[in-house]
Amino acid sequence: MWNPVPLDSSLYQGPSQVTPVRVIGKLEALPLDELSWEDFERIQWRILRDVEGLRYAQIYGERGQAQEGLDVVALAPDGGGVGLQSKKYKRFGPADLKAAVKKFRDTKRPFTIDRLIIGVSIDVKSKTLPPVLADLRKQLRPIELDLWDRQELSLLLRTRPDIVVEFFGDETARAFCLPFELESVVVPSVETVAIREALARTPEETTGAAYLLREARALPDDPERALGLLEEAQRKLRATPFGAYAAQYDAERGRLLARVDRADEAARQCLDEFWAALDLGLTSTADVAHRRLRELVSAGAPPSFTQVAGAASNLYFNPLGAVNDVAGVGEDIDRAHLAALAGEVALANDDSAALSSLSDTIAAAIEGDFRDPVLRTRLRLLAAEATGDWTAILTDARTLKLGYGLLALVTARYARHRALHQEFKEAEALWDDATGDASLARRWSDATTWTLSRRAFREYWNPFTSDELLPLQKALRELGTSPRILSIAESAYESALEALRVDRLRPATISAQRALRDAVSAGDWAGEREARRVLAAALAKADEPGLAARHLARAGAVKEIKELGKQFDDWFIDVTPELSAPNYWTVGTAFRLIEQQADLVPDDLVEVISERILIEIAGAEANELPDIRVLAVSRYNGAVGALAGLAHRLAPEHADKALAHFERQPPLDDEHYRFHDENEAVAVARIALAQPQLAKRACSHLVNLLARSQSARKAAVQKAVDRFIDVTRPLLAELAAKGNHWARETLAFHDTESVSPEQAEAALVRLTIPLIHEAGVFTEGTGAVGDSLLVRGLPGDLLDPAVSELLRRADDVHVGAADRGDYLIAAANLAPRLSAADRGEHFGAAMRIASSPQSSLHDELERGFAHRLGGMRVVRNDMDSRERALFLAACLAGDDGQRTTVRGQAYELLVNGGGESGYWVTRALQQLGAAMREDVGYLLTQGWALRSFAAILWARHGTPVQAGMRLATDSDVRVRRALAEALGGAEPDEVQRPVRDRLAQDPNYSVRSVLA
C-alpha cells in the first residue's frame, strides 16, 4: 500500500541521535552502518530530497516491519519517477540485489518509475556483484538502475556538511566534507516546534485534545462530565500557538453549558470572542460568534448579550459612519467596548456633535469595572478629544503610569490633535517622542508608522524636507514587524481598494471606514489621508458626495475634490462647514470645491461664502492665517479661486472690498507672477462686468495684470477689456507705447488705425517670409495670430501673399499641429479682407488641408512620447489641425457650392473622429448660416460644442419641436447655457415656453441668469 509521506513522518524529523566517529586526519567514508535503521532511512530521504531535489514522496509498507527497509517513490524536478529501496544489511551480495529487483518488478506503484535506486548501508565489495548488476541494468532498460552503497552515499554527502553535521556531528563533518564554514544555527523555540508538529498532525492530536474530545462525545447522557472533558481539551489547545482551534468547539461547549444551566457563561465567552474578532477586523469570525450568541440566548442566556453584539454590528457595519446611542447596553466591559467603538466612529468621521453627545457615555465607561488598560486608554483619549482637555491623560502617560507602549500611543494621538490645529513644530516633536517611546516598548511597526507620519505632515509646513527622515524610517522598518499597541485590521485598506475596484460599494465603504478608524485611533497621519481618499471614492460612487467631500477636504485632496465637483455637475455639495476648520489645508481644499461648483451655489449661500472669502483674504493680507501658497491646498489661493467663481454674484460692498484687496497688492516686475494670477483676473473681470460703478477701477487693474501675466488672458477675462474698451483704451495705448505686445494686439483688434505703419509693415514681413528649417530642430510658438491683428487694416492685395504663406506653413512637414492651428486662425482673421477672387483661390488649399494634410515630422516625434507608461510623456490635445483648416475654408467660402463642400467635410471629420472637441467644426458650420437649420437632429448626437450650436439653431427656428426639451435637459451645462442665452430676452411662443420654464429651474446660476 502506497501512502503519501505526511508532514509528521519520521522521515522529516532529525536523527534520533548524533552518531560521531573518532577521526584522525581525513575521513574517506561516513559510518552509515552505525546509524539506526530509522536514521539510515532519514539520511537517504534527505539525499533524495535535498541533494537530488525529489518531491511528492510516497512510502510502501508499514513502519516497523521485519525487513528494516523502506520503499519510497518520488518525482524528480524533470518530472521523472524515482524509486528507492533502503537496505540496512550487514552483508549484501548478488542474491540480495536480484531479490531487490524482483521485488521492484512485482510491486505496483502509484506512478511510472524511470530510475530505481537501491541504497545499502555498507560497502559492497563482492567481486561477483558487478556482472550481476550489469545484467540487471540491461533487463530493466529503459529504467535506470543505481546501487548506492556506503561509498556512493558518502560521495553524495561530501558537499553537504549541513546534513553530515546533523547526523554525525561537527568533528566528523570537518574530517569528511570539503572545506566549509558553519553559519550560526537558530535554535527553534518551543512554540515553533509545536507549530511544526501541529501542522503535521493537527493540534488536537499533538496536544492530546483529540482523545478528550472523543471521550466527551461518548457521553451523551452525562453533560456535566462531557463538559469537563471538552473544556480540558480546549485548555490544552489554548496552551499552544494554535489556540484558535479551541474556538471551533465553543458551539459544542455552549450546548453543553445550556444543558447544565450555564448558558450565560457560554454567552460571556462568546461575546468576548466577538469583541476580539471585531478588534482585529475579522468580520466573518465576529458574524459566527454573533450567530452562536443567538443560539445561546435561545437556550437560556440573557438577551442582553445579543443586544450588545447587535449594537456593535450596527456601528461597525454602518457604511456612512452613523453613531447610535449605546448607553446602558451590556456589562461594564461591553459598555466600554461600545463607547470606544462609537466614539472612534464619530472621531474618524469628524462628527464633533456625535462625539460630544457621547461624552457622558464615555465618562461612565471609563469608570467601569474591567481590566483592559488599552481599552481604558482608548476611552480616555476619546474623552480628551471630546472635551479638549488632555491634561490628565498626558500626565498619567508621561509619568509612565501607563507604560511605554501606551505612552507612545497617547503621544501620537496628541500629535495628531496638535497637527490639526496647525501647531506644526510641536506636532512633529510629539510624533518624534512617540517613535522613541514605541522603540523602548519594542513596537517597531508603530515606530515606523509614526516616522512616516512625521514625513507626511512635513508636506503641510516644511515641504521638500520629508526625505530627510527616510533613512530613519528605513532603519526602523529593517528591525522587523511587531505587534501593534492597538489592535488593527491589517488588510482593511487593501480590502477597500479591491472591493472598490469591482464596484462592491458597501464592503468597500465598511472596510475604508475601518481603515480610517484604525489610522485616526493610532495617530497615523499618512494612513489617515489614504483611508479618507478611498472612503471618499466609495462614497462618491454611492451618491454620497457630501460625505465624500468632507473626507477629501480633511485629507487635503485638491485634485480629487475638484473631480468630485465635476462628477456632480448638477448637484451642489455644501462644504461651507469645512471653511471653519482649524487648519488651512481643509479650508483651502473646501474652497477648491466651491470654485469648481461656483455656478451651483444657491443664491442664499453666496453672501455667506463671500463674507468668508473676504475674511480669508483680509487675514492673508494681515499675515494672520498660516498658509503655504506654493501648495495646492493653500487657503488663500483657494479663496481667490472661489472668489473668481462667484465674483459676478457679489453684493456691491463685497465686490468693492475684493477689488480693493487686489489693488493693495505690492507691484510685481513684468517677469514675475503670482500663483493666483488667473483667478484674480477672472474675479476682477467679472466684477467689472457685473458692477458698472466699479468698472473703471476694475479695468484699470485688469489691464495691468493682463499686460504682465500671459496665463491670465482667458476669453472670459478679455471680454471685460473689450466691453469697456473706452475705459481701457488709454491704458492699452500707454502699455503699447512701452512695447507690450498684448496691449498692441488688443488695440489693433478694436481699431486697426491704432497700429502704426511701421508696426503693420513689420508684422506683414513676419507673416510673409518663408520659414527656414534646420535638420533635427523644431520650434514652437508663432505669434501669427497677434500679427494678423496688426495687419488687418492693410489692403487685401497686400494680405493675399500673407494668407498664401500661412497656408504653406500650415501644411509644412516641419511644423507641429499646434503651430499649424495658429497659422490657420491667423489666415481666417485675414480672410474677410481678401477679394472674392483671392478667397476662391485659397479655398481649395484650405479644404485640402482640412481633408488630408501632410504628416508632421514634429508630431510624429512627439507621438513617441505619448504612451501612458512612458518614462517621459508629452500630452497634447491639439494634435490635429484639420478642424481649424475647415474653419478657414468656411471663412473663405463665397457661394453655396463651397458652403456645401464645407458642410460635407465637417460631417466627414465628425464621422471619422477627426479634430479634438468639435469646437472648430462648430465654428465652421456657424459660418454657413440658416442652411444648418435642418441638421439640428444630427447635431444633437455630437459633442457639447455642436449641441450648443443646435441649441442656438433651435432657439431661432423652433424645429424639431422635441429637440427643445432635450437640449434644456442636456447633461452639459454649456449646452443649456447656450440655449438659455439664445432664448433670453425674447417673448416666448408656445413651443418655447415649457423649455424656458425648465431652464428657469436649472441648478446652474449662469443658465438662469442669461435666460433672464
Side-chain angles (χ1 to χ4, degrees), residues 415 417-430 456-466 525 553-554 556 558 561 575-595 607-647 650 653-684 687 694 697-698 700-702 704-705 708-709 711-712:
H417 173 75
R418 302 308 288 160
L420 290 174
H421 289 80
Q422 303 182 129
E423 297 295 339
F424 301 112
K425 292 184 179 179
E426 181 185 2
E428 180 168 344
L430 286 164
F457 185 57
R458 282 195 176 188
E459 295 176 18
Y460 293 109
W461 74 283
N462 196 7
F464 318 119
T465 65
S466 63
W525 188 264
R554 299 303 172 102
V558 170
I561 207 166
V575 289
T576 51
E578 307 308 317
L579 300 180
S580 300
N583 53 75
Y584 78 84
W585 54 89
T586 301
V587 176
T589 307
F591 271 130
R592 291 299 185 181
L593 180 59
I594 293 172
E595 174 190 356
E607 184 173 0
V608 173
I609 296 173
S610 60
E611 288 178 349
R612 184 69 213 188
I613 291 171
L614 292 174
I615 291 172
E616 287 294 328
I617 60 178
E621 193 172 345
N623 201 25
E624 294 174 348
L625 299 173
D627 196 16
I628 301 182
R629 295 193 189 180
V630 299
L631 302 181
V633 291
S634 163
R635 69 189 305 157
Y636 177 78
N637 292 341
V640 175
L643 176 63
L646 295 173
L650 297 179
E653 61 273 18
H654 290 163
D656 179 72
K657 289 180 180 179
L659 182 57
H661 165 73
F662 292 130
E663 290 171 329
R664 287 193 297 268
Q665 294 178 118
L668 291 181
D669 294 335
D670 288 344
E671 296 181 357
H672 291 70
Y673 70 96
R674 296 185 177 96
F675 290 105
H676 61 273
D677 273 351
E678 294 180 43
N679 282 325
E680 179 183 339
V682 172
V684 173
I687 288 173
L694 298 174
R697 285 172 55 198
S700 175
H701 182 81
L702 187 61
N704 288 296
L705 172 57
R708 174 179 56 80
S709 177
S711 64

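Heads up: numbering here begins at 1 and tracks the sequence. As the structure is a computational prediction, the values presented were derived from the model and not from experiment.
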Spacing of [X] atom [atom1] and [Y] atom [atom2] [to the nearest 0.5 Å]:
X      : Y      : atom1 : atom2 : answer
Ile613 : Lys657 : CD1   : NZ    : 13.0 Å
Ile609 : Phe591 : CD1   : CZ    : 8.0 Å
Leu579 : Ile594 : CG    : CD1   : 4.5 Å
His701 : Leu694 : NE2   : CG    : 13.0 Å
Arg592 : Asn637 : CZ    : CG    : 5.5 Å
Ile615 : Leu625 : CD1   : CG    : 9.5 Å

- Query: Between Phe424 and Trp461, what is the ring plane arrangement, given parallel below 30°, perpendicular above 60°, and tilted in between?
  - Reply: parallel
- Message: Classify the ring geometry of His421 against His417: parallel below 30°, tilted from 30° to 60°, perpendicular beyond 60°.
- Response: tilted
- Task: Could you walk me through whether Phe675 and Val630 pass the side chain to side chain contact (heavy atoms under 4.5 Å, CB included) test, one step at a time?
- Result: CA-CA 7 Å; Phe675 290 105; Val630 299; 3.6 Å; yes
- Audit row: Arg697, Asp656, side chain to side chain contact (heavy atoms under 4.5 Å, CB included) steps and yes/no: CA-CA 10 Å; Arg697 285 172 55 198; Asp656 179 72; 2.7 Å; yes
Is the backbone of [Y] close enough, under 3.5 Å, to the side chain of [X] for a donor and an acceptor to pair up by distance?
X      : Y      : value
Asn704 : Ser700 : yes
Gln665 : Phe662 : yes
Arg458 : Thr465 : yes
Gln422 : Tyr584 : yes

Identify the heavy atoms of [X] and [Y] that sit nearest to each other, and give their distance.
X      : Y      : answer
Ala427 : Phe457 : CB-CE2, 3.7 Å
Leu420 : Asn583 : O-ND2, 3.0 Å
Ser580 : Arg612 : OG-NH1, 4.4 Å
Leu593 : Val575 : CD2-CG1, 3.5 Å
Ser634 : Ile628 : CB-O, 3.4 Å
Ile687 : Ala658 : CD1-CB, 4.3 Å

- Task: Evaluate the criterion side chain to side chain contact (heavy atoms under 4.5 Å, CB included) for residue pair Leu643 and Leu650; output intermediate values, then yes/no.
- Result: CA-CA 9 Å; Leu643 176 63; Leu650 297 179; 3.6 Å; yes
- Item | Pairwise side-chain contact, Asn679 with Glu595, heavy-atom cut-off 4.5 Å (strictly under) | yes
- Item | Results of salt bridge (charged side-chain N to carboxylate O under 4.0 Å, His left out) for Arg708 - residues two or more places apart only | Asp677
- Residue pairs passing the salt bridge (Lys or Arg N to Asp or Glu O under 4.0 Å) test where at least one lies in residues 624-636, sequence neighbours excluded: Glu616-Arg635
- Query: Can you tell me if His654 and Glu607 form a side-chain donor-acceptor pair at under 3.5 Å?
  - Reply: no
